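As C-alpha coordinates, the structure follows; a few thoughts come after it.
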Amino acid sequence: MRIEAINLDKHFRSVHAVKNLSFTVEPGRVTGFLGPNGSGKSTTMRLMLGLDNGGGETLYDGKKLASHLPVTRTIGAHLDAKFFHPKRSAYAHLRMLGAEAGISKARVHEVLKLVGLESVAKKRPGGFSLGMGQRLGLAGAILADPQVLMLDEPANGLDPQSIQWLRDFLKNYASTGKSVLVSSHLLSEMELLADDVVVIARGNLIAAESMPAFLSRATGSAVVVRSPESEKLAEVLSAQGISSTTDGARTIVIPGQTTDRIGEIAFTNGIALSELSPRTASLEQVFLELTESGQEYRLGETS
Amino acid sequence: MIANLVYEWRRLWSVRATWIMTFVYLVITGLLGAGPLFLGEEISNGQTWKGLYSTNANFLCLVMISVVASQFFGHEYRYGTIRLTLTEFPKRERVVLAKTLVLAVYVTIATFLGWAVLGVIGSIAPEGSIGTEGPGISINGGEPSELWQVLVFGFAYCLIAMSLTMITRNLALGIVLPLLTFSVIEGLISLFAQLANGKMDWIVDALPFANGSAWLTNVAESPNAGLIFAAWVVGAYLIGATMFFKRDA
(Lines give C-alpha, C1' and ligand atoms only; values in the text may rest on other atoms or scores of the structure.)
Protein backbone atom coordinates (compact mmCIF):
# COMPACT_ATOMS: atom_id res chain seq x y z
CA MET A 1 0.00 0.00 0.00
CA ARG A 2 1.37 3.39 -1.04
CA ILE A 3 1.13 6.21 1.48
CA GLU A 4 1.12 9.80 0.31
CA ALA A 5 1.55 12.51 2.91
CA ILE A 6 0.47 15.73 1.24
CA ASN A 7 1.24 19.18 2.62
CA LEU A 8 1.06 18.13 6.26
CA ASP A 9 1.10 21.19 8.46
CA LYS A 10 0.74 21.73 12.17
CA HIS A 11 0.92 24.67 14.55
CA PHE A 12 1.09 24.43 18.34
CA ARG A 13 0.16 28.01 19.20
CA SER A 14 3.22 30.02 18.12
CA VAL A 15 5.29 26.96 17.19
CA HIS A 16 5.10 25.83 13.58
CA ALA A 17 5.88 22.18 14.28
CA VAL A 18 5.33 20.67 10.84
CA LYS A 19 5.75 22.80 7.74
CA ASN A 20 3.94 21.78 4.60
CA LEU A 21 5.49 18.33 4.57
CA SER A 22 4.98 16.01 1.60
CA PHE A 23 6.51 12.59 1.00
CA THR A 24 5.57 9.07 0.01
CA VAL A 25 6.10 5.69 1.59
CA GLU A 26 6.37 2.97 -1.01
CA PRO A 27 5.09 -0.59 -0.63
CA GLY A 28 7.62 -3.37 -0.25
CA ARG A 29 10.16 -1.04 1.35
CA VAL A 30 11.17 0.02 4.82
CA THR A 31 11.17 3.81 5.06
CA GLY A 32 13.19 5.32 7.86
CA PHE A 33 11.84 8.52 9.35
CA LEU A 34 14.67 10.58 10.79
CA GLY A 35 15.05 13.90 12.48
CA PRO A 36 16.58 15.48 15.58
CA ASN A 37 14.63 15.67 18.83
CA GLY A 38 11.67 18.01 18.48
CA SER A 39 11.86 17.98 14.69
CA GLY A 40 8.22 16.94 14.32
CA LYS A 41 8.46 13.21 13.58
CA SER A 42 5.90 12.07 16.12
CA THR A 43 3.59 14.97 15.26
CA THR A 44 3.83 14.04 11.59
CA MET A 45 2.93 10.44 12.39
CA ARG A 46 -0.05 11.58 14.44
CA LEU A 47 -1.17 13.81 11.57
CA MET A 48 -0.87 10.85 9.20
CA LEU A 49 -3.10 8.81 11.50
CA GLY A 50 -5.64 11.60 11.94
CA LEU A 51 -4.94 11.82 15.67
CA ASP A 52 -3.93 15.48 15.48
CA ASN A 53 -5.82 18.12 13.60
CA GLY A 54 -3.75 20.05 11.11
CA GLY A 55 -3.33 20.99 7.50
CA GLY A 56 -2.89 18.60 4.59
CA GLU A 57 -3.97 15.02 4.21
CA THR A 58 -2.60 11.50 4.06
CA LEU A 59 -3.84 9.05 1.47
CA TYR A 60 -3.48 5.31 1.68
CA ASP A 61 -3.65 3.90 -1.84
CA GLY A 62 -5.37 7.13 -2.81
CA LYS A 63 -8.01 7.03 -0.08
CA LYS A 64 -8.32 8.41 3.42
CA LEU A 65 -7.61 6.00 6.26
CA ALA A 66 -11.18 6.01 7.57
CA SER A 67 -12.47 4.65 4.25
CA HIS A 68 -10.33 1.52 4.57
CA LEU A 69 -12.33 -0.92 6.67
CA PRO A 70 -11.35 -2.63 8.83
CA VAL A 71 -8.76 0.04 9.57
CA THR A 72 -6.58 -2.31 11.58
CA ARG A 73 -6.09 -4.53 8.53
CA THR A 74 -4.86 -1.43 6.71
CA ILE A 75 -2.57 0.12 9.28
CA GLY A 76 -0.95 -0.92 12.52
CA ALA A 77 0.59 1.86 14.55
CA HIS A 78 2.89 1.74 17.53
CA LEU A 79 3.50 5.25 18.82
CA ASP A 80 4.65 4.74 22.39
CA ALA A 81 5.87 1.88 24.53
CA LYS A 82 3.59 2.91 27.38
CA PHE A 83 0.26 3.13 25.61
CA PHE A 84 -1.54 0.50 27.64
CA HIS A 85 -3.53 0.34 30.86
CA PRO A 86 -1.07 -0.87 33.48
CA LYS A 87 -3.63 -3.23 35.02
CA ARG A 88 -5.13 -4.67 31.84
CA SER A 89 -3.26 -7.87 31.02
CA ALA A 90 -1.26 -8.06 27.83
CA TYR A 91 -3.70 -10.67 26.52
CA ALA A 92 -6.76 -8.57 27.36
CA HIS A 93 -5.10 -5.51 25.80
CA LEU A 94 -4.64 -7.33 22.53
CA ARG A 95 -8.13 -8.86 22.67
CA MET A 96 -9.48 -5.34 22.98
CA LEU A 97 -7.40 -4.09 20.06
CA GLY A 98 -8.52 -7.05 17.98
CA ALA A 99 -12.18 -6.09 18.21
CA GLU A 100 -12.35 -4.07 15.00
CA ALA A 101 -10.90 -6.76 12.74
CA GLY A 102 -12.51 -9.67 14.60
CA ILE A 103 -9.17 -11.12 15.64
CA SER A 104 -9.39 -14.60 17.13
CA LYS A 105 -7.97 -15.63 20.49
CA ALA A 106 -5.60 -17.98 18.66
CA ARG A 107 -4.15 -15.06 16.70
CA VAL A 108 -3.64 -13.09 19.91
CA HIS A 109 -1.66 -16.00 21.36
CA GLU A 110 0.26 -16.34 18.11
CA VAL A 111 1.32 -12.69 18.16
CA LEU A 112 2.21 -12.81 21.85
CA LYS A 113 4.42 -15.80 21.11
CA LEU A 114 5.97 -14.00 18.15
CA VAL A 115 7.04 -11.01 20.26
CA GLY A 116 8.13 -13.22 23.14
CA LEU A 117 5.47 -12.19 25.64
CA GLU A 118 3.49 -15.43 25.83
CA SER A 119 4.80 -16.26 29.29
CA VAL A 120 3.56 -12.93 30.66
CA ALA A 121 0.33 -12.79 28.65
CA LYS A 122 -1.87 -12.79 31.73
CA LYS A 123 0.37 -10.44 33.71
CA ARG A 124 -0.35 -6.77 34.18
CA PRO A 125 1.93 -4.74 31.92
CA GLY A 126 2.38 -2.00 34.53
CA GLY A 127 5.49 -3.85 35.66
CA PHE A 128 6.86 -4.39 32.17
CA SER A 129 10.25 -3.01 31.23
CA LEU A 130 10.51 -0.48 28.41
CA GLY A 131 11.58 -3.26 26.06
CA MET A 132 8.60 -5.42 27.00
CA GLY A 133 6.34 -2.43 26.50
CA GLN A 134 7.80 -1.99 23.02
CA ARG A 135 7.07 -5.62 22.25
CA LEU A 136 3.49 -5.27 23.44
CA GLY A 137 3.07 -2.14 21.33
CA LEU A 138 4.49 -3.95 18.32
CA ALA A 139 2.17 -6.90 18.99
CA GLY A 140 -0.78 -4.53 18.89
CA ALA A 141 0.41 -3.03 15.63
CA ILE A 142 0.89 -6.34 13.80
CA LEU A 143 -2.14 -8.07 15.31
CA ALA A 144 -4.35 -7.77 12.25
CA ASP A 145 -1.47 -8.26 9.80
CA PRO A 146 -1.94 -4.77 8.34
CA GLN A 147 -0.77 -3.49 4.97
CA VAL A 148 1.10 -0.63 6.64
CA LEU A 149 3.17 -0.56 9.80
CA MET A 150 3.89 2.81 11.37
CA LEU A 151 6.30 2.62 14.27
CA ASP A 152 7.66 5.48 16.34
CA GLU A 153 11.02 4.66 17.92
CA PRO A 154 10.24 0.94 18.26
CA ALA A 155 13.83 -0.01 19.09
CA ASN A 156 14.10 2.20 22.19
CA GLY A 157 14.77 0.06 25.22
CA LEU A 158 15.32 -3.15 23.26
CA ASP A 159 18.38 -5.29 23.88
CA PRO A 160 20.71 -6.06 20.92
CA GLN A 161 19.09 -9.43 20.25
CA SER A 162 15.65 -7.86 20.18
CA ILE A 163 16.87 -5.08 17.90
CA GLN A 164 18.24 -7.65 15.48
CA TRP A 165 14.95 -9.56 15.68
CA LEU A 166 13.02 -6.35 15.00
CA ARG A 167 15.23 -5.52 12.01
CA ASP A 168 14.75 -8.97 10.49
CA PHE A 169 11.05 -8.88 11.21
CA LEU A 170 10.50 -5.49 9.58
CA LYS A 171 12.59 -6.40 6.54
CA ASN A 172 10.59 -9.60 6.10
CA TYR A 173 7.37 -7.70 6.60
CA ALA A 174 8.24 -5.22 3.88
CA SER A 175 9.46 -7.98 1.57
CA THR A 176 5.89 -9.29 1.35
CA GLY A 177 4.87 -6.06 -0.36
CA LYS A 178 3.74 -4.20 2.74
CA SER A 179 4.81 -0.70 3.72
CA VAL A 180 6.82 0.07 6.82
CA LEU A 181 7.46 3.58 8.15
CA VAL A 182 9.72 3.57 11.16
CA SER A 183 11.27 6.44 13.06
CA SER A 184 14.39 5.94 15.09
CA HIS A 185 17.28 7.75 16.67
CA LEU A 186 19.48 4.69 16.22
CA LEU A 187 21.08 5.78 12.97
CA SER A 188 23.44 2.84 12.62
CA GLU A 189 20.46 0.55 13.02
CA MET A 190 18.45 2.54 10.51
CA GLU A 191 21.27 2.33 8.00
CA LEU A 192 20.97 -1.45 8.13
CA LEU A 193 17.20 -1.45 8.09
CA ALA A 194 15.82 1.26 5.83
CA ASP A 195 15.54 1.16 2.05
CA ASP A 196 14.32 4.76 1.87
CA VAL A 197 14.65 7.71 4.22
CA VAL A 198 12.53 10.71 5.03
CA VAL A 199 14.52 13.30 6.98
CA ILE A 200 13.02 16.33 8.66
CA ALA A 201 14.39 19.09 10.83
CA ARG A 202 12.35 21.81 12.55
CA GLY A 203 9.33 20.54 10.69
CA ASN A 204 10.94 21.02 7.28
CA LEU A 205 11.59 18.25 4.82
CA ILE A 206 15.33 17.77 4.35
CA ALA A 207 15.30 14.65 2.21
CA ALA A 208 12.93 11.97 0.96
CA GLU A 209 14.81 9.47 -1.17
CA SER A 210 16.49 6.08 -1.24
CA MET A 211 19.15 5.34 1.35
CA PRO A 212 22.01 5.16 -1.23
CA ALA A 213 20.95 8.47 -2.74
CA PHE A 214 20.83 10.03 0.69
CA LEU A 215 24.27 8.70 1.64
CA SER A 216 25.75 10.00 -1.59
CA ARG A 217 24.81 13.54 -0.50
CA ALA A 218 27.63 13.56 1.99
CA THR A 219 30.52 15.84 1.27
CA GLY A 220 32.82 13.11 2.58
CA SER A 221 31.98 10.42 0.00
CA ALA A 222 35.00 9.48 -2.09
CA VAL A 223 36.83 6.72 -3.95
CA VAL A 224 39.88 5.11 -2.37
CA VAL A 225 42.52 3.71 -4.73
CA ARG A 226 45.61 1.72 -3.86
CA SER A 227 48.09 1.24 -6.67
CA PRO A 228 51.82 0.71 -7.19
CA GLU A 229 51.47 3.57 -9.68
CA SER A 230 49.49 5.90 -7.47
CA GLU A 231 51.54 8.95 -8.42
CA LYS A 232 50.99 8.32 -12.13
CA LEU A 233 47.26 7.87 -11.54
CA ALA A 234 47.12 11.15 -9.62
CA GLU A 235 48.76 12.92 -12.55
CA VAL A 236 46.32 11.38 -15.05
CA LEU A 237 43.39 12.37 -12.90
CA SER A 238 44.75 15.88 -12.46
CA ALA A 239 45.05 16.20 -16.23
CA GLN A 240 41.36 15.41 -16.44
CA GLY A 241 40.50 18.00 -13.80
CA ILE A 242 39.91 15.48 -11.02
CA SER A 243 41.56 16.34 -7.74
CA SER A 244 42.95 13.72 -5.39
CA THR A 245 44.84 13.54 -2.13
CA THR A 246 47.54 11.15 -1.01
CA ASP A 247 46.63 8.95 1.91
CA GLY A 248 49.66 6.83 2.69
CA ALA A 249 52.39 5.53 0.42
CA ARG A 250 50.41 3.96 -2.39
CA THR A 251 46.93 5.18 -1.66
CA ILE A 252 45.05 8.16 -2.99
CA VAL A 253 41.59 9.42 -2.14
CA ILE A 254 39.46 10.95 -4.86
CA PRO A 255 36.46 12.87 -3.54
CA GLY A 256 33.17 13.18 -5.37
CA GLN A 257 33.85 10.40 -7.91
CA THR A 258 32.51 6.91 -8.52
CA THR A 259 34.52 3.69 -8.61
CA ASP A 260 33.25 3.04 -12.15
CA ARG A 261 34.70 6.29 -13.44
CA ILE A 262 38.09 5.93 -11.71
CA GLY A 263 38.39 2.26 -12.71
CA GLU A 264 37.72 3.20 -16.33
CA ILE A 265 40.40 5.95 -16.29
CA ALA A 266 42.95 3.61 -14.73
CA PHE A 267 42.20 0.86 -17.26
CA THR A 268 42.40 3.28 -20.20
CA ASN A 269 45.80 4.47 -19.01
CA GLY A 270 47.14 1.00 -18.24
CA ILE A 271 47.52 1.62 -14.54
CA ALA A 272 47.34 -1.45 -12.32
CA LEU A 273 45.15 -1.15 -9.24
CA SER A 274 45.48 -3.11 -5.99
CA GLU A 275 42.31 -1.67 -4.49
CA LEU A 276 39.39 0.36 -5.75
CA SER A 277 36.68 1.02 -3.20
CA PRO A 278 34.04 3.60 -2.40
CA ARG A 279 34.29 5.47 0.88
CA THR A 280 30.72 6.41 1.62
CA ALA A 281 29.76 8.48 4.57
CA SER A 282 27.77 6.83 7.31
CA LEU A 283 24.12 7.70 7.77
CA GLU A 284 25.13 9.44 10.94
CA GLN A 285 27.60 11.69 9.12
CA VAL A 286 25.09 12.65 6.44
CA PHE A 287 22.33 13.09 8.96
CA LEU A 288 24.44 15.37 11.13
CA GLU A 289 25.59 17.40 8.12
CA LEU A 290 22.11 17.95 6.84
CA THR A 291 20.28 18.52 10.09
CA GLU A 292 22.89 20.49 12.02
CA SER A 293 21.16 23.81 11.50
CA GLY A 294 17.76 22.28 12.09
CA GLN A 295 18.30 21.04 15.62
CA GLU A 296 15.48 22.32 17.81
CA TYR A 297 17.15 21.78 21.17
CA ARG A 298 20.86 22.47 20.90
CA LEU A 299 23.38 20.78 23.15
CA GLY A 300 26.14 22.66 24.95
CA GLU A 301 29.81 22.24 24.12
CA THR A 302 31.60 19.35 25.80
CA SER A 303 34.97 20.16 27.32
CA MET B 1 -20.51 0.17 14.92
CA ILE B 2 -20.71 -3.34 16.38
CA ALA B 3 -16.90 -3.42 16.47
CA ASN B 4 -16.87 -0.12 18.38
CA LEU B 5 -19.25 -1.59 20.93
CA VAL B 6 -17.26 -4.81 21.30
CA TYR B 7 -14.09 -2.75 21.77
CA GLU B 8 -15.69 -0.63 24.48
CA TRP B 9 -17.22 -3.64 26.19
CA ARG B 10 -13.86 -5.39 26.37
CA ARG B 11 -12.16 -2.16 27.46
CA LEU B 12 -14.70 -1.72 30.26
CA TRP B 13 -14.59 -5.18 31.77
CA SER B 14 -10.90 -5.96 31.30
CA VAL B 15 -9.79 -3.70 34.15
CA ARG B 16 -10.31 -4.72 37.74
CA ALA B 17 -11.44 -1.21 38.74
CA THR B 18 -14.77 -1.76 36.96
CA TRP B 19 -15.48 -4.89 38.97
CA ILE B 20 -14.33 -3.36 42.23
CA MET B 21 -16.34 -0.15 41.84
CA THR B 22 -19.43 -2.09 40.83
CA PHE B 23 -19.02 -4.29 43.89
CA VAL B 24 -18.58 -1.26 46.15
CA TYR B 25 -21.66 0.32 44.55
CA LEU B 26 -23.68 -2.79 45.43
CA VAL B 27 -22.36 -2.88 49.00
CA ILE B 28 -23.21 0.79 49.59
CA THR B 29 -26.61 0.32 47.99
CA GLY B 30 -27.24 -2.61 50.29
CA LEU B 31 -26.10 -0.75 53.40
CA LEU B 32 -28.18 2.34 52.62
CA GLY B 33 -31.18 0.19 51.80
CA ALA B 34 -30.79 -1.85 54.97
CA GLY B 35 -30.50 1.21 57.21
CA PRO B 36 -34.17 2.23 57.42
CA LEU B 37 -35.23 -1.43 57.70
CA PHE B 38 -32.94 -2.53 60.47
CA LEU B 39 -32.12 0.60 62.47
CA GLY B 40 -35.25 1.04 64.52
CA GLU B 41 -38.93 0.46 64.76
CA GLU B 42 -39.97 4.05 64.41
CA ILE B 43 -38.12 4.33 61.08
CA SER B 44 -38.69 0.92 59.61
CA ASN B 45 -42.43 0.99 59.90
CA GLY B 46 -42.62 3.65 57.20
CA GLN B 47 -40.70 1.89 54.43
CA THR B 48 -42.20 0.49 51.21
CA TRP B 49 -40.75 -1.52 48.36
CA LYS B 50 -40.89 1.60 46.21
CA GLY B 51 -38.94 3.55 48.81
CA LEU B 52 -36.40 0.75 49.12
CA TYR B 53 -35.86 0.58 45.36
CA SER B 54 -35.15 4.33 45.27
CA THR B 55 -32.04 3.78 47.34
CA ASN B 56 -29.54 3.32 44.53
CA ALA B 57 -30.30 6.78 43.13
CA ASN B 58 -28.53 8.19 46.18
CA PHE B 59 -25.40 10.09 45.24
CA LEU B 60 -23.24 7.97 47.54
CA CYS B 61 -24.10 5.03 45.31
CA LEU B 62 -23.84 6.99 42.10
CA VAL B 63 -20.36 8.26 42.92
CA MET B 64 -19.16 4.66 42.75
CA ILE B 65 -20.45 4.00 39.26
CA SER B 66 -19.49 7.50 38.16
CA VAL B 67 -15.90 6.36 38.72
CA VAL B 68 -16.48 3.74 36.05
CA ALA B 69 -18.19 6.34 33.85
CA SER B 70 -15.20 8.67 34.15
CA GLN B 71 -12.89 5.83 33.20
CA PHE B 72 -14.49 5.64 29.75
CA PHE B 73 -12.37 8.63 28.74
CA GLY B 74 -10.22 9.13 31.84
CA HIS B 75 -8.23 5.93 31.46
CA GLU B 76 -7.89 6.52 27.73
CA TYR B 77 -6.19 9.88 28.24
CA ARG B 78 -4.29 8.91 31.37
CA TYR B 79 -2.62 5.92 29.72
CA GLY B 80 -2.51 7.19 26.14
CA THR B 81 -4.75 4.43 24.81
CA ILE B 82 -6.99 7.07 23.22
CA ARG B 83 -4.46 7.12 20.40
CA LEU B 84 -4.86 3.39 19.91
CA THR B 85 -8.62 3.76 20.02
CA LEU B 86 -8.70 6.58 17.48
CA THR B 87 -6.25 4.85 15.18
CA GLU B 88 -8.55 1.83 15.16
CA PHE B 89 -11.72 3.92 14.93
CA PRO B 90 -10.91 7.20 13.14
CA LYS B 91 -14.55 8.31 13.14
CA ARG B 92 -14.71 10.04 16.50
CA GLU B 93 -18.48 10.43 16.61
CA ARG B 94 -18.74 6.64 16.59
CA VAL B 95 -16.29 6.40 19.47
CA VAL B 96 -18.39 8.80 21.55
CA LEU B 97 -21.61 7.02 20.60
CA ALA B 98 -20.16 3.60 21.44
CA LYS B 99 -18.90 4.80 24.81
CA THR B 100 -22.28 6.36 25.58
CA LEU B 101 -24.20 3.22 24.63
CA VAL B 102 -21.92 0.95 26.62
CA LEU B 103 -22.17 3.35 29.57
CA ALA B 104 -25.97 3.14 29.31
CA VAL B 105 -25.80 -0.66 29.33
CA TYR B 106 -23.37 -0.63 32.24
CA VAL B 107 -25.55 1.71 34.32
CA THR B 108 -28.59 -0.43 33.53
CA ILE B 109 -26.81 -3.60 34.63
CA ALA B 110 -25.48 -1.94 37.80
CA THR B 111 -28.91 -0.51 38.64
CA PHE B 112 -30.66 -3.85 38.17
CA LEU B 113 -28.00 -5.55 40.28
CA GLY B 114 -28.56 -2.86 42.91
CA TRP B 115 -32.28 -3.60 42.89
CA ALA B 116 -31.51 -7.30 43.21
CA VAL B 117 -29.41 -6.58 46.31
CA LEU B 118 -32.19 -4.38 47.70
CA GLY B 119 -34.70 -7.11 46.93
CA VAL B 120 -32.69 -9.60 48.95
CA ILE B 121 -32.36 -7.13 51.83
CA GLY B 122 -36.08 -6.38 51.74
CA SER B 123 -36.89 -10.08 51.83
CA ILE B 124 -34.72 -10.72 54.89
CA ALA B 125 -35.81 -7.56 56.71
CA PRO B 126 -37.74 -7.97 59.97
CA GLU B 127 -41.33 -8.88 59.38
CA GLY B 128 -43.54 -5.86 58.94
CA SER B 129 -40.70 -3.44 58.28
CA ILE B 130 -41.82 -3.02 54.70
CA GLY B 131 -45.41 -1.98 54.34
CA THR B 132 -47.74 -1.29 51.46
CA GLU B 133 -49.32 1.83 52.89
CA GLY B 134 -47.93 5.32 52.33
CA PRO B 135 -45.24 6.61 50.06
CA GLY B 136 -42.37 5.03 51.97
CA ILE B 137 -38.99 6.48 52.89
CA SER B 138 -36.76 7.96 50.25
CA ILE B 139 -33.18 8.21 51.36
CA ASN B 140 -32.82 10.95 48.76
CA GLY B 141 -35.44 13.16 50.46
CA GLY B 142 -38.93 13.90 49.16
CA GLU B 143 -40.99 11.07 47.74
CA PRO B 144 -39.62 7.73 46.57
CA SER B 145 -38.89 7.61 42.85
CA GLU B 146 -40.31 5.42 40.14
CA LEU B 147 -37.95 2.68 39.00
CA TRP B 148 -37.41 4.34 35.63
CA GLN B 149 -36.49 7.59 37.36
CA VAL B 150 -33.80 5.80 39.37
CA LEU B 151 -32.38 4.34 36.17
CA VAL B 152 -32.51 7.60 34.21
CA PHE B 153 -31.05 9.66 37.06
CA GLY B 154 -28.19 7.19 37.48
CA PHE B 155 -27.42 7.33 33.78
CA ALA B 156 -27.65 11.13 33.71
CA TYR B 157 -25.28 11.45 36.66
CA CYS B 158 -22.78 9.11 34.99
CA LEU B 159 -23.16 10.97 31.70
CA ILE B 160 -22.22 14.21 33.43
CA ALA B 161 -19.18 12.51 34.96
CA MET B 162 -18.16 11.14 31.54
CA SER B 163 -18.74 14.51 29.88
CA LEU B 164 -16.64 16.35 32.43
CA THR B 165 -13.86 13.84 31.83
CA MET B 166 -14.14 14.49 28.10
CA ILE B 167 -13.82 18.22 28.77
CA THR B 168 -11.04 18.10 31.37
CA ARG B 169 -9.30 14.91 30.15
CA ASN B 170 -8.77 14.21 33.81
CA LEU B 171 -10.15 11.12 35.49
CA ALA B 172 -10.13 12.57 39.00
CA LEU B 173 -11.91 15.77 37.98
CA GLY B 174 -14.58 13.76 36.19
CA ILE B 175 -15.33 12.00 39.47
CA VAL B 176 -14.83 14.86 41.91
CA LEU B 177 -16.52 17.77 40.11
CA PRO B 178 -20.05 16.25 40.04
CA LEU B 179 -19.60 14.98 43.59
CA LEU B 180 -18.48 18.37 44.92
CA THR B 181 -21.14 20.20 42.95
CA PHE B 182 -23.85 17.87 44.21
CA SER B 183 -22.75 17.75 47.84
CA VAL B 184 -21.02 21.08 48.55
CA ILE B 185 -21.04 23.75 45.86
CA GLU B 186 -24.77 23.85 45.23
CA GLY B 187 -25.38 24.03 48.98
CA LEU B 188 -22.99 26.97 49.29
CA ILE B 189 -24.64 28.75 46.38
CA SER B 190 -28.05 28.26 47.98
CA LEU B 191 -26.67 29.64 51.23
CA PHE B 192 -25.28 32.73 49.53
CA ALA B 193 -28.57 33.13 47.71
CA GLN B 194 -30.39 33.28 51.01
CA LEU B 195 -28.01 35.97 52.22
CA ALA B 196 -28.55 37.93 49.02
CA ASN B 197 -32.23 38.47 49.76
CA GLY B 198 -33.57 36.91 46.60
CA LYS B 199 -31.17 38.55 44.15
CA MET B 200 -29.55 35.18 43.38
CA ASP B 201 -32.67 33.06 43.30
CA TRP B 202 -32.46 32.64 39.54
CA ILE B 203 -29.10 30.91 40.00
CA VAL B 204 -30.52 28.58 42.62
CA ASP B 205 -33.44 27.80 40.32
CA ALA B 206 -30.99 26.74 37.61
CA LEU B 207 -28.63 24.53 39.64
CA PRO B 208 -28.15 21.14 37.96
CA PHE B 209 -28.26 18.67 40.80
CA ALA B 210 -30.79 20.58 42.90
CA ASN B 211 -33.12 20.30 39.93
CA GLY B 212 -32.10 16.71 39.32
CA SER B 213 -32.91 15.80 42.91
CA ALA B 214 -36.19 17.70 42.77
CA TRP B 215 -37.18 15.78 39.66
CA LEU B 216 -36.04 12.47 41.14
CA THR B 217 -37.99 12.98 44.35
CA ASN B 218 -41.05 14.42 42.62
CA VAL B 219 -40.99 17.81 44.31
CA ALA B 220 -44.26 19.42 43.29
CA GLU B 221 -42.95 23.01 43.55
CA SER B 222 -40.41 22.39 40.76
CA PRO B 223 -42.40 21.32 37.72
CA ASN B 224 -39.56 22.16 35.30
CA ALA B 225 -36.81 20.54 37.37
CA GLY B 226 -36.53 17.59 35.00
CA LEU B 227 -36.11 19.84 31.98
CA ILE B 228 -33.50 22.02 33.65
CA PHE B 229 -31.52 18.97 34.77
CA ALA B 230 -31.77 17.45 31.30
CA ALA B 231 -30.51 20.71 29.77
CA TRP B 232 -27.41 20.55 32.00
CA VAL B 233 -26.79 16.91 31.14
CA VAL B 234 -27.22 17.41 27.40
CA GLY B 235 -25.22 20.65 27.50
CA ALA B 236 -22.26 19.04 29.28
CA TYR B 237 -22.41 16.07 26.90
CA LEU B 238 -22.47 18.24 23.78
CA ILE B 239 -19.60 20.42 24.99
CA GLY B 240 -17.58 17.33 25.89
CA ALA B 241 -18.28 15.63 22.58
CA THR B 242 -17.47 18.78 20.59
CA MET B 243 -14.16 19.17 22.39
CA PHE B 244 -13.40 15.51 21.78
CA PHE B 245 -14.03 15.97 18.06
CA LYS B 246 -12.02 19.17 17.74
CA ARG B 247 -8.96 18.61 19.90
CA ASP B 248 -5.84 16.62 19.16
CA ALA B 249 -5.88 13.11 20.59
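Just so it is clear, the structure is predicted and the values come from calculations on it, not from any experiment.
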For [X], does the [atom1] atom have more than 12 heavy-atom neighbours from other residues, nucleotides or ligands under 6.0 Å away?
X	atom1	answer
A/Arg107	CZ	yes
B/Ile124	CD1	yes
B/Trp115	CH2	yes

Who in residues 10-24 of chain B is close to chain A, using a strict under-4.5 Å heavy-atom cut-off? B/Arg10, B/Arg11, B/Ser14, B/Val15, B/Arg16

Less than 4.5 Å to any heavy atom of chain B: does that hold for the side chain of A/Tyr91, its backbone, both, or neither?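 Neither; nothing under 4.5 Å.
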
Atom CZ of A/Phe83 and atom CD1 of B/Ile82: how far apart are they, to the nearest 0.5 Å? 10.5 Å

Can you tell me how far apart CZ (B/Phe245) and CG (A/Asn53) are? Round to the nearest 0.5 Å.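 Those atoms lie 12.0 Å apart.
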
Best-contacting candidate, B/Asn4, B/Leu84, B/Leu5, B/Leu86, against chain A by heavy atom pairs under 4.5 angstrom: B/Leu84

If we define contacts as heavy-atom pairs under 4.5 Å, which of A/Lys64, A/Arg95, A/Lys87, A/His78 has the most with chain B? A/Arg95

Nearest non-hydrogen partners of [X] and [Y], listed with the distance:
X	Y	result
B/Tyr7	A/Met96	CD1-O, 3.1 Å
A/Phe84	B/Tyr79	O-CB, 3.4 Å
A/Leu97	B/Glu88	O-OE2, 2.6 Å

What part of B/Arg92 lies closer than 4.5 angstrom to a heavy atom of chain A: side chain, backbone, both or neither? side chain

Any side-chain heavy-atom pair from A/Met150 and B/Thr87 closer than 4.5 angstrom?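 A side-chain contact is absent here, since even the closest heavy-atom pair is not under 4.5 Å.
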
Who pairs with A/Ala66 by side-chain contact (heavy atoms from CB on, under 4.5 Å), at least two apart in sequence or on another chain? B/Pro90, B/Lys91

Inspect the contact between B/Arg83 and A/Asp80 and indicate whether a charged nitrogen and a carboxylate oxygen are less than 4.0 angstrom apart.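 No, no charged N to carboxylate O under 4.0 Å.
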
